[in-house]
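What you are looking at is a predicted structure, and each value in this text was computed from that prediction instead of being measured.
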Amino acid sequence: MFDADNDGDLDIIVIQSGDQVISDPSGPRHTLLRNDLDTTTMRPSFVDVSEQADIAIRGYGMGVACGDYNGDGWTDLYVTAWGENALWRNQQNMTFQDVTSEQGVAEDAWSTSASFTDINNDGLVDLFATNYVEYTDKTICKRPDSAAEYCGPQNFVAVADRLWINDGEKLTAAAAEEQLRKDSRPGLGVISVDFDLDGVFELFVANDRQANQLWTRLGGSAQDIGWEQGVAVNAQGMMEASMGVAAADLNGDGREELFATHLGTESNTLYQSSNSAGFFDQTDALGLGAPSLPFTGFGTTMVDFTGNGHADVFIANGSIVAGTVRGYSGYDEPDQLFLNGGAGRLEDVKLDDIGQFGIGRGLAKGDLDNDGDVDIVVINNGATGYFLFNNAASEGHFVGLDLRMESGSPAVGARVDLEWSDGSQNRQWVRTDGSYLACNDPRLSWIVDAHRYVQKLTVTWPGGAQTEVEKPTTGHYIRLERPTSSGPDELSGIVP
């Protein structure tokens with residue numbers, strides 16, 4: 001989900017693939033759906049503008065990252081693939097130009113998830129690409145009954161992830177790449193997180209059957225602190241088939257938890273943060289373990305869907321091995337929603353009861369109808385995807401923020417501290433990465449009701465400047481731009 005035409009609503013790009021690597025420049029295109037939101041009824045409708053956009057498939061498509069790398073206020077796309085990644089610059093007229101060679105970000109490997117995020121807190125988004133393995137379709141693996149099956153990552157050589165630093169004009173390979181090469185693992189998911197609250201994003205990388213990584217100081221001498229922070233393996237010390245990733249503050253302590261999805265027979269894993277001792281695997285304690293064991297999770301997110309102030313968990317499931325799970329044959333599996341009532345455990349909502357199942361892969365979150373609550377798009381492998389529209393923010397009862405840099409770019413890395421009228425607090429960060437192969441809405445929103453209102457919002461911008469908003473208005477997204485001063489500045493930078 002991203003705003004391709006800067007009209008204030010979210011459009012959707014769906015990454016396509018094929019039988020093998022596609023190198024024909026006149027071949028098929030990725031699918032871009034323009035959102036023509038009716039501002040009277042607030043009902044979205046989508047128009048296929050793929051031919052106009054002309055975002056050509058350069059390889060076996062995997063995922064996409066969204067970010068304004070050149071600082072012109074328009075969101076650009078980095079499409080990952082098995083074959084050839086491509087950077088597409090937004091031409092501001094619903095067309096995109098291939099600038100991969102110009103920017104030096106070609107990657108002819110099996111790339112999976114990617115992230116536009118501000119690694120060095122300079123207000124410019126850098127680019128991180130997660131790579132998987134040196135794959136060859138000549139390698140054949142078989143089950144004990146001699147039937148062919150997917151080969152696990154242990155049958156291949158892992159490929160190093162890539163990082164390009166943005167100097168304002170060009171994306172340049174980072175010095176940290178030397179350390180990335182020394183510690184190559186089969187990566188599938190990535191999310192930026194400020195786990196130590198120092199104002200600089202780290203990157204949590206989910207690896208397939210190898211230890212997860214938590215990269216810090218990527219702007220200089222990179223270090224993987226996954227083991228010492230407790231997110232490399234689960235509580236049993238097992239390396240799992242980590243795929244999708246999400247981050248949110250589940251318990252209201254102002255620090256984000258980390259969540260990773262896994263294969264069936266492995267539970268998904270929730271790493272709960274602590275103030276001084278890193279993260280602890282609290283999957284079973286929160287009720288997220290046993291319900292996930294039968295399923296293979298891919299895309300995921302943690303967000304407050306209900307408006308009770310507590311982040312919930314959504315997972316797109318889909319098997320990689322044909323079988324039967326809960327009555328579903330083949331590769332189809334039900335997606336899952338766990339609601340957080342704030343009592344210390346999350347409740348498994350049976351989405352299969354309403355027919356939400358398939359071969360789930362990509363998942364993106366964002367407010368498609370601009371009503372202040374978070375909607376979901378799930379992409380299924382080889383089948384129709386679906387939308388889940390959220391109606392929790394009734395009659396415009398929400399506070400929304402659209403945070404921007406001076407250039408108009410989304411303020412990736414900004415942190416918002418919210419104070420409710422009842423004295424409770426909430427904290428969120430601006431980012432577009434996370435889930436699996438996806439990019440997400442950079443805007444933030446909070447649902448309000450008759451029992452409480454937002455007393456104050458404090459925005460800490462990349463670089464440290466702050467903006468305070470007392471009793472913000474409801475029913476629309478307030479656009480704020482980063483102020484030029486470094487101290488708190490009430491209502492500084494509001495754009496009507």
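Results of the side-chain contact (heavy atoms from CB on, under 4.5 Å) test with Val430 over Thr117, Asp118, Asp402, Leu444 single out Leu444 as the only residue that passes. For the side-chain contact (heavy atoms from CB on, under 4.5 Å) with Phe259, the lone residue among Thr269, Asn268, Val245, Thr283 that qualifies is Asn268. Remark: of the listed residues Leu32, Asn440, Val64, Leu32 is the sole one forming a side-chain contact (heavy atoms from CB on, under 4.5 Å) with Phe2.
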- Message: Apply side chain to side chain donor-acceptor pair (under 3.5 Å) to residues Thr216 and Gln223 and explain how you reach the verdict.
- Response: CA-CA 5 Å; Thr216 187; Gln223 182 182 1; over 6 Å; no
- Message: Gln455 vs Ser421, test: side chain to side chain donor-acceptor pair (under 3.5 Å). Steps then yes/no.
- Response: CA-CA 5 Å; Gln455 178 68 39; Ser421 57; over 6 Å; no
- Check step by step if side chain to side chain donor-acceptor pair (under 3.5 Å) holds for Asp281 and Gln236. CA-CA 9 Å; Asp281 181 349; Gln236 290 72 44; 5.5 Å; no
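Between Asp224 and Arg185, at least one side-chain nitrogen of the basic residue sits less than 4.0 Å from a carboxylate oxygen of the acidic one, meeting the salt-bridge criterion. We find that Arg404 and Glu481 are not joined by a salt bridge, their nearest charged nitrogen and carboxylate oxygen being 4.0 Å or further apart.
Put simply, the side chain of Asp249 gets close to the backbone of Gly254: a donor and an acceptor are under 3.5 Å apart. Remark: side-chain polar atoms of Asp68 are paired, donor with acceptor, to backbone N or O of Asp72 under 3.5 angstrom. Within the 3.5 Å criterion, the main-chain N or O of Ala364 finds no donor-acceptor partner in the side chain of Ser435. The backbone N or O of Leu188 sits less than 3.5 Å from a side-chain atom of Ser113, completing a donor-acceptor pair. Side-chain atoms of Asp284 never come within 3.5 Å of backbone atoms of Leu288 as a donor-acceptor pair (strictly under, hydrogens ignored). In this structure a side-chain-to-backbone donor-acceptor pair under 3.5 Å is missing from Asn35 to Asp9. Distance alone, capped at 3.5 Å, places no donor-acceptor pair between the Asn90 side chain and the Trp74 backbone. In this structure, Asp161 contributes its side chain and Asn131 its backbone to a donor-acceptor pair below 3.5 Å. With hydrogens and angles ignored, the 3.5 Å screen pairs a side-chain donor or acceptor of Asp11 with a backbone N or O of Ala4. Under a 3.5 Å cut-off, the side chain of Gln336 and the backbone N or O of Pro291 do form a donor-acceptor pair.
Note that OG1 of Thr467 is 6.0 Å distant from CG of Leu480, once rounded to the nearest 0.5 Å.
The aromatic rings of Phe116 and Tyr78 sit perpendicular, their planes meeting at an angle over 60°, well past the 30° parallel limit.
Residues Thr306 and Leu339 are in side-chain contact: their nearest non-hydrogen atoms beyond the backbone lie under 4.5 Å apart.
With sequence neighbours excluded, no residue satisfies ring pair (Phe, Tyr, Trp, His ring centres under 6.0 Å) with Phe314. Partners of Phe387 under the ring pair (Phe, Tyr, Trp, His ring centres under 6.0 Å) rule, at least two apart in sequence or in another chain, are Phe46, Phe389.
In Lys170, the NZ atom is crowded: over 12 heavy atoms of neighbouring residues, nucleotides or ligands sit closer than 6.0 Å. Taking a 6.0 Å sphere around CE of Met238, one finds it holds 12 or fewer heavy atoms contributed by other residues, nucleotides or ligands.
Side-chain atoms of Asp417 and Gln425 form no donor-acceptor pair, as typed in the model, at a separation below 3.5 Å. Side-chain contact annotation: Ser242 with His262, donor-acceptor N/O pair under 3.5 Å present.
Residue pairs that meet the salt bridge (charged side-chain N to carboxylate O under 4.0 Å, His left out) test with at least one member in residues 431-454, sequence neighbours left out, are Glu256-Arg431, Asp422-Arg452, Asp441-Arg443.
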